[in-house]
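To keep things clear, I will list the structure first and then write my remarks on it.
Because only heavy atoms are used, hydrogens play no part in the values below, and waters and symmetry mates are left out as well, while side chains stay in. Residue numbering restarts at 1 for every chain, and letters A, B, ... go by the order of the sequence lines.
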Number of protein chains: 2
Amino acid sequence: MRAMRHPRPEDIELARVLHALSDPVRLDVVRQLDREGEATCAALDCGRPKSSMSHHFRVLRDAGVLRTRTDGTTHMNELRRAELDSLFPGLLQAVLTAPERGAA
Amino acid sequence: MRAMRHPRPEDIELARVLHALSDPVRLDVVRQLDREGEATCAALDCGRPKSSMSHHFRVLRDAGVLRTRTDGTTHMNELRRAELDSLFPGLLQAVLTAPERGAA
DNA sequence: TCGGTAGTTCGAAATTAATCGAACTACCGA
DNA sequence: TCGGTAGTTCGATTAATTTCGAACTACCGA
């Protein structure tokens with residue numbers, strides 16, 4: 001497992017973050033991380049194969065949405081809440097609070 | 001000019017909205033609309049040809065981010081602020097407040 | 001040291017999206 | 001009715017994304 005890129009706060013771009021959050025699978029991952037604090041990749045599979053999930057984690061990681069920490073043989077993921085809140089106040093909150101689709 | 005689809009509030013999806021906002025050109029359009037209230041398509045061209053802008057407006061419209069009103073020969077665009085605020089509280093605010101990229 | 005487990009990377013196919021010129025449609029005003 | 005203006009639609013091209021199996025790497029424990 002190679003070095004994981006985690007962008008520095010000053011390199012986190014709004015458009016990139018929004019793009020990372022614009023996928024249902026990834027949105028689901030982010031919601032779960034919000035509820036559970038942190039989780040391994042395996043715990044968050046959405047019925048998809050590992051390689052697909054790995055891709056989605058990478059998109060989220062590259063965008064700066066989450067941080068992945070290697071812990072032995074597992075990878076622990078957690079939201080970069082503090083950084084995101086500081087860079088884009090209210091954004092994460094709004095996304096996490098929002099329903100998936102407009103209420104009827 | 002054919003009928004323009006404007007999704008009903010209950011059909012507006014978070015992921016779709018986020019995707020619509022995840023493009024720099026469209027983000028710029030949204031910011032301008034925020035500042036200026038409403039504007040024609042031509043007034044918001046970002047140096048792109050009309051057909052490109054028309055595409056971006058459609059993405060924003062289809063996602064439910066803005067409403068396009070035909071006014072004679074021009075099209076007036078405005079954010080669907082009330083609906084968005086009601087469906088996804090704080091989201092638009094956060095996106096509009098945020099810097100394009102994290103402050104250094 | 002030999003599995004086994006966790007997750008990444010590679011490769012390839014299929015889908016979706018962005019871009020832009022050119023042709024088109026609608027409407028206003030002279 | 002004849003431009004002209006505003007913007008959409010079409011078509012084609014290119015680029016980016018998603019998806020997933022298969023192979024790979026790293027590390028732990030027996």
Side-chain angles (χ1 to χ4, degrees), chain A residues 1-7 13-30 32-33 36 38-78 100, chain B residues 1-7 13-30 32-33 36 38-78 100:
Chain A
M1 301 174 193
R2 251 159 256 176
M4 294 207 178
R5 274 178 317 229
H6 288 96
E13 289 168 38
L14 177 60
R16 213 172 170 74
V17 169
L18 292 173
H19 171 255
L21 296 174
S22 74
D23 179 278
V25 174
R26 293 193 292 260
L27 214 35
D28 195 45
V29 165
V30 169
Q32 287 192 60
L33 285 178
E36 296 163 32
E38 61 177 14
T40 62
C41 298
L44 299 178
D45 79 338
C46 306
R48 263 88 178 172
K50 293 191 301 177
S51 56
S52 296
M53 291 315 295
S54 190
H55 162 73
H56 288 303
F57 276 107
R58 196 158 93 85
V59 172
L60 287 166
R61 199 160 48 227
D62 286 354
V65 175
L66 57 78
R67 190 187 346 269
T68 305
R69 174 167 47 83
T70 296
D71 178 17
T73 167
T74 73
H75 286 187
M76 269 314 206
N77 299 283
E78 62 179 339
E100 289 275 345
Chain B
M1 300 177 194
R2 252 158 256 177
M4 292 206 180
R5 276 180 317 231
H6 287 98
E13 289 169 39
L14 177 60
R16 214 174 169 74
V17 169
L18 292 173
H19 172 254
L21 296 174
S22 73
D23 178 279
V25 174
R26 295 194 289 262
L27 214 36
D28 194 45
V29 166
V30 169
Q32 287 192 60
L33 285 179
E36 296 163 32
E38 60 177 15
T40 62
C41 297
L44 300 177
D45 80 338
C46 307
R48 262 88 178 175
K50 293 191 301 177
S51 57
S52 295
M53 290 315 293
S54 190
H55 162 73
H56 288 303
F57 275 107
R58 195 156 95 85
V59 172
L60 287 166
R61 198 159 49 228
D62 287 353
V65 174
L66 56 78
R67 191 186 346 268
T68 306
R69 175 167 46 84
T70 297
D71 179 18
T73 168
T74 71
H75 286 188
M76 269 313 205
N77 299 284
E78 62 179 338
E100 290 274 346

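The distance from atom CZ of A:F57 to atom P of C:dT8 is 8 Å, rounded to the nearest whole Å. In this entry the distance linking CG of A:D71 with P of D:dA26 reads 18 Å, nearest Å. With rounding to whole Å, B:R69 atom CZ is found 16 Å from C:dC27 atom C1'. Rounded to whole Å, the distance from NE2 on A:H75 to C1' on C:dG7 is 6 Å. As rounded to whole Å, 6 Å separates atom C1' of D:dG7 from atom NZ of B:K50. Distance, B:M4 CE to D:dT8 C1': 7 Å, rounded to whole Å. Remark: P of D:dT8 and CZ of B:R58 are 10 Å apart, rounded to the nearest angstrom. At whole-Å resolution of the value, CE in B:M53 and P in D:dT9 are 15 Å apart.
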List every contact pair, protein side and nucleotides 15-19 of chain C side both N or O, where the distance is under 3.5 Å.
{"residue": "C:dA18", "atom": "OP1", "partner": "B:R26", "partner atom": "NH1", "Å": "3.3"}
{"residue": "C:dA18", "atom": "OP1", "partner": "B:R26", "partner atom": "NH2", "Å": "3.1"}
{"residue": "C:dA18", "atom": "OP2", "partner": "B:H55", "partner atom": "NE2", "Å": "3.0"}
{"residue": "C:dT19", "atom": "OP2", "partner": "B:H56", "partner atom": "NE2", "Å": "2.7"}

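With a 3.5 Å ceiling on both atom-pair distances, the Watson-Crick or G-U wobble partner of C:dA26 is D:dT5.
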Report task. Might you work through the side-chain contact (heavy atoms from CB on, under 4.5 Å) test for B:R58 and B:R5, ending with a clear yes or no? Result -> CA-CA 9 Å; B:R58 195 156 95 85; B:R5 276 180 317 231; 2.9 Å; yes
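Crowding of A:R16 atom CZ: a count of heavy atoms from other residues, nucleotides or ligands under 6.0 Å not exceeding 12.
Here A:R61 does not reach the OP1 or OP2 of C:dG7: none of its side-chain N or O atoms lies under 4.0 Å away.
The distance from atom CE of B:M4 to atom NE2 of B:H75, rounded to the nearest 0.5 Å, is 4.0 Å. Summarising the geometry, atom CE belonging to B:M53 is positioned 10.0 Å from atom CZ belonging to B:R26; distances are rounded to the nearest 0.5 Å.
Here the closest non-hydrogen pair linking A:A20 and A:V65 is CB-CG2, 4.2 Å. Contact detail for A:A39 and A:M76: the closest heavy-atom pair is C-SD, 3.5 Å. Nearest heavy-atom pair across A:N77 and A:T40 is ND2-C, 3.9 Å.
Contact annotation for B:S54: base contact, defined as any heavy-atom pair under 4.0 Å involving a base atom.
Residue order along DNA chain D, read from the 5' end via each residue's closest nucleotide, puts B:M76 first among B:M76 and A:G72.
When distances run from any side-chain atom of B:T74 to the nucleotides C:dA6, D:dA6, C:dT8, the shortest one goes to D:dA6.
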